[in-house]
Structures are given as C-alpha cells and as structure tokens.
2 protein chains.
Amino acid sequence: MTETAPRPTLEAVAARAGVSRATVSRVVNGGEGVREPLVERVRRAVEELGYVPNQAARSLVTKRHDAVAVVIAEPETRVFADPFFALQLRGISKELTAHDSQLVLLLTEGRADHARVGRYLAGGHVDGALVFSLHLDDPLPELVQRAGVPTVFGGRPDWGEGNRSVYVDSDNRGGAREAVRHLVGLGRRRVAHITGALDQTSAVDRLDGFRDVVVDADPRLIAEGDFTPAGGERAMRLLLERCPDLDAVFAANDLAASGALRVLRAQGRRVPEDVAVVGFDDMLPVAEQTDPPLTTIRQDIEEMGRLMAGLLLRALDRRGTPLDDGPGADGGSGVVLPTTLVRRASA
Amino acid sequence: MTETAPRPTLEAVAARAGVSRATVSRVVNGGEGVREPLVERVRRAVEELGYVPNQAARSLVTKRHDAVAVVIAEPETRVFADPFFALQLRGISKELTAHDSQLVLLLTEGRADHARVGRYLAGGHVDGALVFSLHLDDPLPELVQRAGVPTVFGGRPDWGEGNRSVYVDSDNRGGAREAVRHLVGLGRRRVAHITGALDQTSAVDRLDGFRDVVVDADPRLIAEGDFTPAGGERAMRLLLERCPDLDAVFAANDLAASGALRVLRAQGRRVPEDVAVVGFDDMLPVAEQTDPPLTTIRQDIEEMGRLMAGLLLRALDRRGTPLDDGPGADGGSGVVLPTTLVRRASA
DNA sequence: CCCGCGCCGGAAAGCGCTCTCAGCGCCATG
DNA sequence: CATGGCGCTGAGAGCGCTTTCCGGCGCGGG
C-alpha cells in the first residue's frame with residue numbers, strides 16, 4: 001500500500017544491540033554459543049526494529065531456499081474439478097509449514113510451459129519438487145530428472161520398475177479389488193467396469209484390480225471411460241446395450257459413477273436393487289450428493305500430500321544420501337497408501 | 001536425484017564468451033546497448049553452459065522477486081470442497097506466468113499461522129500478495145496492511161468504504177437479484193432464501209440482493225445457512241416448517257441448494273413444479289449432478305483470479321504510484337465481475 | 001589532420017547475509 | 001604464579017548478480 005519502508009538489516013540490529021553482525025546472525029539462527037545476556041539484548045533489538053531476515057541474501061550463501069515447488073500439469077487441473085487438488089495441497093502445505101518451507105505452485109498450461117518449468121527448477125529456486133504427473137506420455141518426469149532437483153511424484157509414474165523415482169500413491173489396485181469383492185459378496189454375478197482414462201496409471205491399476213477378482217472377465221463388461229460424468233454416461237449406455245443382464249458396476253471414480261447412475265435411472269434400473277454401483281475416491285460433494293448416495297472406495301488424499309512433502313523434506317535433510325534410497329531397494333521406491341470401502345446406499 | 005551439479009555463474013559465461021560479467025548481464029536482461037556480434041557470442045556461451053541466473057543473487061540487488069503470494073485462509077479451504085479454488089488459482093497462475101512471476105501459495109491453518117504469514121510477507125520474499133479473506137473478523141487484511149505489501153483482495157473485504165483497498169469480487173448482489181427476479185418472473189409468490197455464512201460479505205450481498213427484489217420480505221422466509229449441503233438441509237426444513245406455502249427457494253450457493261433439494265424431495269415436494277430452486281456459483285460437479293439439474297447464477301471464477309493477478313501486477317509495474325489509485329476515486333477500489341443466470345431444470 | 005562527442009564495454013562497488021578464523025578473556029591446572 | 005585450553009565474540013571474505021561510473025574507441029566537423 002504505502003511506500004515500502006526500507007527493512008532493517010542485520011547490521012542495524014547489531015548496531016542497536018552493540019554487538020557484531022555475526023553474533024546477531026547466530027542468535028537469529030538458533031542462538032548456539034552466545035551467552036544469555038547478549039542473546040537477550042539481541043532479541044530485544046530484533047523486536048524493537050521489527051527485523052526480518054532477508055531470504056534472498058540468506059539463500060545466496062546457504063544455497064538453501066526453504067521452498068519446494070509443486071508442479072501440476074494442466075490436464076490435472078481439469079480433473080481437479082474435484083477437491084482432490086485442494087486436499088492434496090493442504091496436506092502438502094501442512095507438512096511444509098511444519099518445516100518452515102514455502103510452497104511454490106507451478107501450474108503448467110500445455111507443452112509450451114514445460115520449458116518454463118524446467119528453467120525454473122534448474123534455476124535453483126527451490127530445494128525440491130513435488131510433481132503430479134499422471135499421464136503416460138508426460139514429459140515432466142524426464143524434465144525434472146534432468147533439472148537435477150530432488151523430486152517426489154504424486155501417483156505412480158508410468159516408467160518401468162528399473163527407473164529410480166520416489167512416489168506416493170493410493171492402493172488403486174487393492175482398492176479396486178475391495179470394491180469388486182464387495183459387489184461379488186453381495187451376490188452379483190455380472191459385474192461390469194467403467195475404466196478411467198487409461199493413459200493414467202491409476203486407471204490402469206484399478207482395471208487390474210477389477211481383473212484380479214473377475215478373472216476371465218467378459219470383455220464386453222469393460223467399457224472405457226475418462227473419469228468424467230459424461231464419460232461415465234457413455235460407458236454405461238454402451239454396457240447396458242452390450243450386456244443388459246449386468247447386475248453391478250464398478251466405476252473407476254465417483255464422477256464416472258454419478259454419470260452411470262443417471263443413465264441407470266433414466267433406463268429404469270433401480271439402484272441398488274437391479275444394479276449395484278461402486279465408485280472410487282469418495283469425493284464427498286459427489287459421492288454424498290448422488291441418488292442414491294454412492295458406495296465407494298476412500299483414499300486419504302490429504303495424507304497423501306502430507307506424505308509426499310514429508311518424504312521430500314526428509315530426503316532434503318539428509319542431502320548427499322541420494323533421495324532414491326529407501327524402503328524400495330535400490331531403484332526408486334514408492335509408498336502406497338491403503339484405501340477403505342465406504343458403504344452407502346448404492347451397493 | 002544425483003548430486004546437484006554446481007550451476008555455472010555469470011562469471012563462467014563471461015569467461016567463455018571472452019567478455020566481462022557486466023556485458024553478459026546486459027545481454028541476459030534484454031541486451032540493450034551491446035553490439036550484435038557480442039550478443040551472439042554471449043548467447044552461445046549461455047546456451048553451451050546451460051546458464052540460468054541465480055534468482056537469489058538477483059533479488060538481493062534488484063529488490064524484485066518476481067513472485068506473488070497467494071494467501072488463503074483455512075476456513076476457505078473448507079469451502080474449497082468445490083473447484084472454486086482450483087479455478088481461481090488457475091486464472092491467477094495464467095496471468096502471473098505471462099508476466100514471469102511465480103506463485104507462492106500460503107495456506108493458513110488457524111490463528112497461529114497468521115504470525116507466520118505476516119512474517120513471510122514482511123520478510124520481503126514477494127512483490128505483492130493476493131489475499132482471500134472472506135470473513136468479517138479476519139485479521140489477515142490488517143496483517144498484510146501492516147506488512148506493507150501491495151495487495152489485492154479476492155472478494156470484497158468487510159471494512160468500511162473509507163478504507164483503501166483493492167479487490168475483485170463477483171456481483172453477488174446483482175446476481176442474487178437476477179436469481180430472485182427469475183423466480184418471480186416464473187410467477188412464484190412466496191420466495192424463500194437460504195443465506196450463506198453471514199460473516200462473509202458474499203453471503204450478506206446475496207441476502208441484500210434477495211431483499212432488493214422481495215422488498216418487505218417475510219422474515220420467516222429467510223433462513224440462515226452456511227454454504228454447506230447440511231446447512232442447506234437444516235434451513236430448508238426450517239423454512240418448510242415455518243412456511244409450508246412457499247413456492248420457491250433461492251439458496252446462497254449450489255451446495256446449500258443441493259441440500260435443500262434433498263429435503264424437498266424427501267418431503268414430497270416436486271421441483272420445480274411445487275417449489276422452484278435457484279442456486280449460486282454454478283459449480284459444475286454439483287449443479288449438473290443434482291436432481292433435477294440446478295438453475296443457478298454463474299460467476300467466472302477463473303477470470304476473477306486472472307483479474308486479481310493482473311491488477312496487482314500492473315500496480316507493481318508502476319510502483320511509486322500507490323496501489324490504491326484507480327477507478328474507485330481516492331479510497332480503494334473494487335472491480336466487480338458480472339454474473340449470468342444459467343437455466344437448468346430446477347427453476 | 002586534430003579535437004570533441006557519443007556510444008560501448010569494463011571495472012568495481014556493493015545488495016544482506018553466513019561462516020570461517022583468529023583473538024581475547026577466563027578458568028583450571030601444574 | 002604461569003600456562004594451556006576452551007568458550008565466546010568480532011572481523012572479514014565472499015555468495016552471484018546488477019548497475020553506476022568511466023575510459024576508450026570511432027566518427028564527424030572545424
């Protein structure tokens with residue numbers, strides 16, 4: 001608002017406290033090895049002057065930034081028509097805050113932006129990066145790899161096991177299995193599956209989970225969706241047409257399930273009496289709002305975010321030890337979070 | 001991942017190009033006053049070495065950071081059980097990116113965090129701040145004010161007209177008027193209103209808009225909600241009890257409307273035949289998913305974000321001119337974005 | 001042919017901070 | 001009483017960059 005008043009410097013504090021800059025610096029950074037009376041005097045000077053250290057100057061010499069980049073690719077932001085985004089970010093933020101780190105958000109808009117992100121990461125503005133890259137052909141992983149910035153991925157990257165990378169993911173496959181088992185446990189015999197966008201590992205994993213339970217699934221019982229309500233509708237219509245006798249549907253996410261629900265209702269099928277439906281994600285505003293409320297697989301999104309940040313920070317703390325040492329043997333490692341079945345009315 | 005290789009410095013580039021550091025600096029920052037052959041040589045050296053300027057060192061001398069803080073208070077993140085958040089951020093990000101600025105996200109978790117945010121802003125890490133502070137008693141505005149950081153608010157701050165502050169807001173009052181007029185135009189005579197959380201100006205403004213149209217509204221036709229589905233349900237029940245003859249409801253947002261819809265259906269009222277319902281926000285995953293799909297007031301969230309960022313950046317560019325000069329005379333100014341009615345099935 | 005003006009490029013002074021290193025005073029010891 | 005050692009403080013050297021201030025060079029006019 002008003003003119004930015006010149007901030008007091010270390011020098012000023014030192015002068016006021018009648019000590020050297022070095023001493024002030026020591027006090028400000030933990031006060032080791034400075035005697036009490038001096039500490040007190042410095043503290044007071046800091047207080048009185050309203051001194052706040054200049055981060056730029058500090059970074060210049062320490063080479064730490066206490067900042068972490070969160071990179072989210074454009075396609076994701078569309079998926080973030082759900083609270084996924086906010087929750088994840090919140091978890092990350094909490095963890096970073098606890099470690100006095102800042103969150104720098106990098107949203108990318110298509111290919112052109114990748115160069116920008118690469119430059120930014122390579123520019124050494126941040127200590128590490130959290131990357132959400134759920135698409136198979138995404139150049140982002142490659143990019144951060146080259147930038148040489150310690151990175152943790154959100155969601156299992158698609159590259160082979162050989163590649164060393166750290167990631168946090170939900171137990172998509174296990175969750176899917178649980179969903180389908182629940183359906184089967186209900187006595188359903190013709191369980192269909194609406195997949196997610198199959199260029200994302202989460203969708204592939206959920207499909208795999210489905211297949212784990214419905215071994216030799218009738219291929220006509222599997223329809224490709226894209227995680228959207230519209231895609232869910234399309235898939236459901238196709239499914240109904242191909243297999244009018246289906247008695248259950250496992251949709252790759254709640255959004256798709258909501259679309260399926262609408263088609264089912266429109267075609268006069270009762271849920272769950274005629275067709276039982278299970279979703280995935282437990283995104284509240286959707287799952288609770290559908291009619292009937294959706295039985296679904298919950299994943300703890302916020303915890304995922306927190307974990308990602310935690311993993312990165314820990315790696316950063318013990319720099320030198322490469323990040324990719326960890327539970328997962330020698331080549332990258334992943335942390336997979338459990339999912340739980342939430343029973344509502346739809347199955 | 002691997003050890004962070006030491007980045008090349010200006011010095012290194014200069015050596016390689018056979019010029020002085022100053023010349024390299026000039027070329028890197030726009031290349032004014034350096035002759036073509038030299039420019040070319042420097043460019044090549046930069047390329048070959050993969051030089052990226054060190055932002056910390058640069059900030060230290062320029063006092064610019066090319067970064068803007070986005071401050072979002074915890075209560076908001078709850079509201080962000082909708083895509084509001086993501087969209088807003090996306091708009092902001094786009095604008096900032098176009099101006100080569102970074103987005104630093106500050107999520108606050110309750111009071112304790114305010115000090116942290118204050119310190120951060122005062123610390124001169126960013127050039128300006130975008131603050132979302134929708135609550136009447138929020139200390140955030142006060143805080144950024146004191147930090148002396150140029151700021152643009154998202155949503156009209158609650159303080160009086162006398163206060164100078166820049167903000168961007170939706171035309172909540174106008175939108176509300178339009179919603180209610182639509183209902184009245186449909187021939188509805190007993191229009192009720194479910195308010196939002198009245199400690200937010202948006203809720204107050206929407207209520208005011210309602211009153212603008214329904215002058216001398218029966219106070220029993222107004223029930224306080226809190227922008228949540230649960231609150232909407234409660235309010236709807238209360239309303240039905242007090243005024244069984246109501247024939248329309250304007251809910252302060254879509255979430256509340258969805259709750260109201262459920263209660264209406266449960267009590268056997270047909271929508272829109274018996275009771276017409278209009279929401280606010282047009283948050284797609286909710287508004288399109290309800291049964292029947294919700295007629296609502298749309299606001300362009302992304303544009304709001306873009307505008308906020310644009311306003312701030314422009315102010316930053318012409319530093320010296322205080323931010324609070326602008327269309328709104330001498331004491332702060334606000335930009336209010338129009339809203340539009342989206343007709344679906346509920347009214 | 002020489003001088004002056006203008007433009008180009010280099011030298012150098014920091015920006016605010018951290019951190020090493022040396023020095024000083026004090027206590028414990030011989 | 002002298003000496004070694006240790007703990008605390010201060011001086012100073014940069015971190016990598018921008019930017020001001022000049023010196024030097026090339027050109028046109030006298």
Side-chain angles (χ1 to χ4, degrees), chain A residues 4-43 45-46 49-67 100 119 122-127, chain B residues 4-43 45-46 49-67 100 119-120 122-127 319:
Chain A
T4 311
R7 316 224 144 273
T9 73
L10 237 209
E11 184 87 48
V13 177
R16 176 155 197 133
V19 299
S20 74
R21 298 206 312 273
T23 300
V24 177
S25 176
R26 279 189 277 259
V27 171
V28 170
N29 300 294
E32 294 288 289
V34 178
R35 253 170 313 199
E36 195 44 44
L38 270 204
V39 171
E40 195 41 47
R41 239 170 50 218
V42 172
R43 286 256 163 74
V46 166
L49 262 35
Y51 169 73
V52 181
N54 178 319
Q55 186 63 28
R58 177 179 283 176
S59 293
L60 188 55
V61 31
T62 59
K63 271 112 170 46
R64 297 206 84 232
H65 302 85
D66 294 321
D100 269 319
R119 226 179 314 127
H125 303 252
V126 292
D127 301 321
Chain B
T4 310
R7 316 224 146 274
T9 73
L10 238 207
E11 183 87 47
V13 177
R16 176 153 198 133
V19 299
S20 75
R21 301 207 309 274
T23 300
V24 177
S25 174
R26 279 189 277 257
V27 171
V28 170
N29 301 294
E32 294 289 288
V34 178
R35 252 169 313 193
E36 196 43 45
L38 270 202
V39 171
E40 194 42 46
R41 239 168 53 217
V42 172
R43 286 255 163 75
V46 166
L49 263 35
Y51 169 73
V52 180
N54 178 319
Q55 186 63 30
R58 177 178 283 178
S59 293
L60 189 54
V61 30
T62 59
K63 270 111 172 49
R64 297 205 84 234
H65 303 85
D66 292 321
D100 269 319
R119 228 178 313 125
Y120 184 79
H125 302 251
V126 292
D127 301 322
R319 262 290 181 56

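Order of the sequence lines sets the chain letters (A, B, ...), proteins ahead of strands, with each chain counted from 1.
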Report, as a single string ordered 5' to 3', how protein heavy atoms within less than 4.0 Å touch nucleotides 6-13 of chain C: B base, S sugar-phosphate only, - not at all.
-> --SBBB-B
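For the helix from C:dC1-D:dG30 to C:dG30-D:dC1, the rotation axes defined at the first and last 5 base pairs enclose an angle of 60°, given to the nearest 10°.
Note that the CD atom of B:Glu40 and the CZ atom of B:Arg35 stand 15.5 Å from one another [nearest 0.5 Å].
Taking the side chain to side chain donor-acceptor pair (under 3.5 Å) definition, one finds that B:Asn54 meets it with nothing, sequence neighbours left out. By the side chain to side chain contact (heavy atoms under 4.5 Å, CB included) test, B:Val39 pairs with B:Val27, B:Val34, B:Glu36, B:Arg43, sequence neighbours left out. With sequence neighbours left out, A:Arg16 forms a side chain to side chain donor-acceptor pair (under 3.5 Å) with A:Glu48. Residues satisfying the ring-ring contact (aromatic ring centres under 6.0 Å, His included) criterion with B:Tyr120, sequence neighbours excluded, are B:His125. Remark: A:Ser25 pairs with A:Asn29 by the side chain to side chain donor-acceptor pair (under 3.5 Å) rule, at least two apart or across chains. For B:Glu11, the salt bridge (Lys or Arg N to Asp or Glu O under 4.0 Å) test picks out B:Arg21, with sequence neighbours left out. Applying the salt bridge (Lys or Arg N to Asp or Glu O under 4.0 Å) criterion to B:Arg41, with sequence neighbours excluded, gives no partner residue. B:His65 pairs by the ring-ring contact (aromatic ring centres under 6.0 Å, His included) definition with nothing, not counting sequence neighbours. By the side chain to side chain donor-acceptor pair (under 3.5 Å) test, A:Ser20 is found to be paired with A:Thr23, residues two or more places apart in sequence or in another chain being considered.
Taking atom NE2 of residue A:His65 and atom P of nucleotide C:dC17, one finds them 16 Å apart after rounding to whole Å. One atom, CD of A:Glu11, and another, C1' of C:dG14, lie 13 Å apart when rounded to the nearest Å. Note: CD (B:Gln55) to C1' (C:dC15) measures 14 Å, nearest angstrom. Here C:dC15 presents its C1' atom at 16 Å from CZ of A:Arg58, a figure rounded to the nearest Å.
For DNA chain D, the contact window with chain B, defined by any atom under 4.0 Å from a protein heavy atom, covers D:dG16 to D:dT20 in 5' to 3' order.
Within the nucleic acid shown, B:Ser25 comes within 4.0 Å of at least one base atom, counting heavy atoms only.
OP1 or OP2 of C:dG16 lies within a sub-4.0 Å distance of a side-chain N or O belonging to B:Lys63.
Residues B:Val13 and B:Leu49 meet the side-chain proximity criterion, which asks for heavy atoms closer than 4.5 Å.
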